[in-house]
Amino acid sequence: MRDSDWGLVVPLKPLGAAKSRLADAVADAERRALALAFAKDTVAAALAASAVRNVVVVTNDPTAARHLAALGARIVPDLPDAGLNAALEHGAAALPGRAVAALNADLPALRPAELTRVLRAARRHRRAFLPDAAGIGTTLLAARPSVPLEPAFGGASRRRHLASGAAELPSTDVPSVRRDVDTAADLRAALELGVGPMTAACLKELPTLLEELTAAAPEGTDGPGGAGRRRAAVRTSGASES
Ligand SMILES: Nc1nc2c(ncn2[C@@H]2O[C@H](COP(=O)(O)OP(=O)(O)OP(=O)(O)O)[C@@H](O)[C@H]2O)c(=O)[nH]1
Ligand SMILES: C=C(OP(=O)(O)O)C(=O)O
C-alpha cells in the first residue's frame, strides 16, 4: 500500500439538522452556515493531505453536496434514515479494495500534515482509530484494504472502537485531527488552534459570536497563562501540507 492510497469517507447530516449543540450560541441560519463552513474546511484540508487520494462525502444535503463537489469531493447520497454508521459503511462501499478512513465533517482546524501523520500511523494496523479531543469519542477510524471498517461512532465511541479490536493511534502532535466542534466551547478551542478559511470567513460575519469566543474564559476555566483576552488564530489557507 502506497502512502497516498487512502480514500476518506466524510459523513454529513442535512445542514438543517447538523451541529444542533450550537443552537444555544447562534440562530438557525448561522448554525447551518457554520456546519457547512466546518465541512468545507475539513474536506479541503483532507484533499490537501498527501496521504489522501480521494474524499467521498456521504450526504443528502443538496447545498453541501454542491459546495463539497466543487472542492473535489465525490458525493454519495445518504441512505434514508439509516444513521451515521450505516452512512459510513455505505460510503466505504464506494471505495472497494481501498484503504478507507472515516473522518468527521466537523474538524474546522484540520491540518493536512497532521492528517497524513495519523494515516501513516494507521497503516501499521488492520483497523485503527483516533480519539476526539475530549477523549470520549472518535474523529477518525481507518481500515486497511479489504478489512471491514465496522464503524461504531456516536457518543462514547472511543470505548466501543477499542472493544472492537481497533488500535488506538497516538494522539500527541495531531490536535487538529482530534478537534471536533460540537459546542461553542469546542469552537473556541478550534479558534485557538487556527481554523480554516471558510470557518474564519463565516465567523467574520458573526462579530458578536466571535467576540464572545475570543474574550477571556470565565475564571477557573482558562488554560495555563491564558488570562486576559484570547487571540483567535485563523489559517488563511487550507491547501498546503506545510
Ligand atoms: N451522512 C450522515 N452523516 C451523519 C449522520 N449523523 C451524523 N452525521 C455526521 O457525522 C459526524 C459526527 O456527528 P456529530 O458530531 O454528532 O455531528 P452533528 O450530528 O452535526 O452534531 P449534533 O447535532 O450536535 O449531534 C458529523 O460530520 C455529522 O454531520 C447521518 O445520519 N448521516
Ligand atoms: C460522532 C461522535 O460523537 P459526537 O456526536 O459526540 O460528536 C463520535 O465521537 O463517535
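Just so you know, ligand 1 is whichever comes first in the structure, and atom 1 is the first atom listed for that ligand. Computed from a predicted structure; not experimentally measured.
- Between Asp5 and Arg98, no side-chain nitrogen of the basic residue sits less than 4.0 Å from a carboxylate oxygen of the acidic one, so the salt-bridge criterion is not met.
- The two atoms that bring Ala49 and Thr116 nearest to each other are CB-OG1, 3.5 Å, heavy atoms only.
- Contacts with ligand 1 closer than 4.0 Å are made by side-chain heavy atoms of Ala87 only, the backbone lying farther away.
- Scanning the protein heavy atoms around atom 13 (O) of ligand 1, the nearest turns out to be Leu84 CD2, 4.4 Å.
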Show the short N or O contacts, below 3.5 Å, that ligand 2 makes with protein N or O atoms; if there are none, say 'none'.
{"unit_1": "ligand 2", "atom_1": "5 (O)", "unit_2": "Arg21", "atom_2": "NH2", "d": "3.2"}
{"unit_1": "ligand 2", "atom_1": "7 (O)", "unit_2": "Asp182", "atom_2": "OD1", "d": "3.4"}
{"unit_1": "ligand 2", "atom_1": "7 (O)", "unit_2": "Asp182", "atom_2": "OD2", "d": "3.1"}
{"unit_1": "ligand 2", "atom_1": "9 (O)", "unit_2": "Thr138", "atom_2": "N", "d": "2.8"}
{"unit_1": "ligand 2", "atom_1": "9 (O)", "unit_2": "Thr138", "atom_2": "O", "d": "3.4"}
{"unit_1": "ligand 2", "atom_1": "9 (O)", "unit_2": "Ser157", "atom_2": "OG", "d": "3.3"}
{"unit_1": "ligand 2", "atom_1": "10 (O)", "unit_2": "Gly154", "atom_2": "N", "d": "2.7"}
{"unit_1": "ligand 2", "atom_1": "10 (O)", "unit_2": "Ser157", "atom_2": "OG", "d": "2.6"}

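- Residue pairs meeting the ring-ring contact (aromatic ring centres under 6.0 Å, His included) criterion with at least one member in residues 40-59: none, sequence neighbours excluded.
- The backbone and the side chain of Leu12 each have at least one atom closer than 4.0 Å to an atom of ligand 1 (non-hydrogen atoms only).
- In this structure, Glu89 CD and Leu79 CG are separated by 9.5 Å, a value rounded to the nearest 0.5 Å.
- Close approach of ligand 1 to Gly83 (heavy-atom distance below 4.0 Å) involves ligand atoms 30 (C), 31 (O).
- The pair Glu241-Arg111 fails the salt-bridge criterion, with no side-chain N (NZ, NE, NH1 or NH2) lying under 4.0 Å from an Asp/Glu carboxylate O.
- With distances taken over non-hydrogen atoms, the option nearest atom 24 (O) of ligand 1 out of Lys13, Arg31, Arg21 is Arg21.
- Between Asp182 and Lys19, at least one side-chain N (NZ, or NE/NH1/NH2) sits under 4.0 Å from a carboxylate O, which counts as a salt bridge.
- Residue contact annotation: Asp182 has a non-hydrogen atom under 4.0 Å from ligand 1.
- Every atom of ligand 1 is numbered from 1 in the order shown, and the set under 4.0 Å from a heavy atom of Ser20 is 22 (P), 23 (O), 24 (O).
- With a 4.0 Å cut-off on non-hydrogen atoms, Ala17 touches ligand 1 through its backbone and not its side chain.
- For atom 17 (O) of ligand 1, the closest heavy atom belonging to the protein is Lys19 NZ, 3.2 Å.
- Interface of Asp106 with ligand 1, defined as ligand atoms under 4.0 Å from a residue heavy atom, comprises 15 (O).
- Pro11 O, 2.8 Å is the protein heavy atom nearest to atom 27 (O) of ligand 1.
- Inter-residue side-chain proximity for Arg127 and Leu149 is flagged as unmet; no heavy-atom pair is nearer than 4.5 Å.
- Expressed to the nearest 0.5 Å, how far CG of Asp132 lies from CG of Leu140 amounts to 12.0 Å.
- Applying the ring-ring contact (aromatic ring centres under 6.0 Å, His included) test to every pair with at least one member in residues 98-146, sequence neighbours left out, gives these pairs: Phe129-His161.
- Ligand-side atoms of ligand 1 in range of Ala105: 27 (O), range being under 4.0 angstrom from any heavy atom.
- Distance check, rounded to the nearest 0.5 Å: CZ of Arg124 to CG of Leu169 gives 9.0 Å.
- The heavy-atom pair separating Val58 from Gly91 by the smallest distance is CG2-CA, 3.6 Å.
- Between Ala18 and ligand 1, no N or O atom pair is found at a separation short of 3.5 Å.
- For Asp78, every heavy-atom contact with ligand 1 shorter than 4.0 Å involves the side chain, none the backbone.
- Salt-bridge annotation for Lys13 and Asp61: absent, with no side-chain N of the basic residue lying under 4.0 Å from a carboxylate O of the acidic one.
- Sorted by first and then second residue, the ring-ring contact (aromatic ring centres under 6.0 Å, His included) pairs involving residues 173-197 (not counting sequence neighbours) form an empty list.
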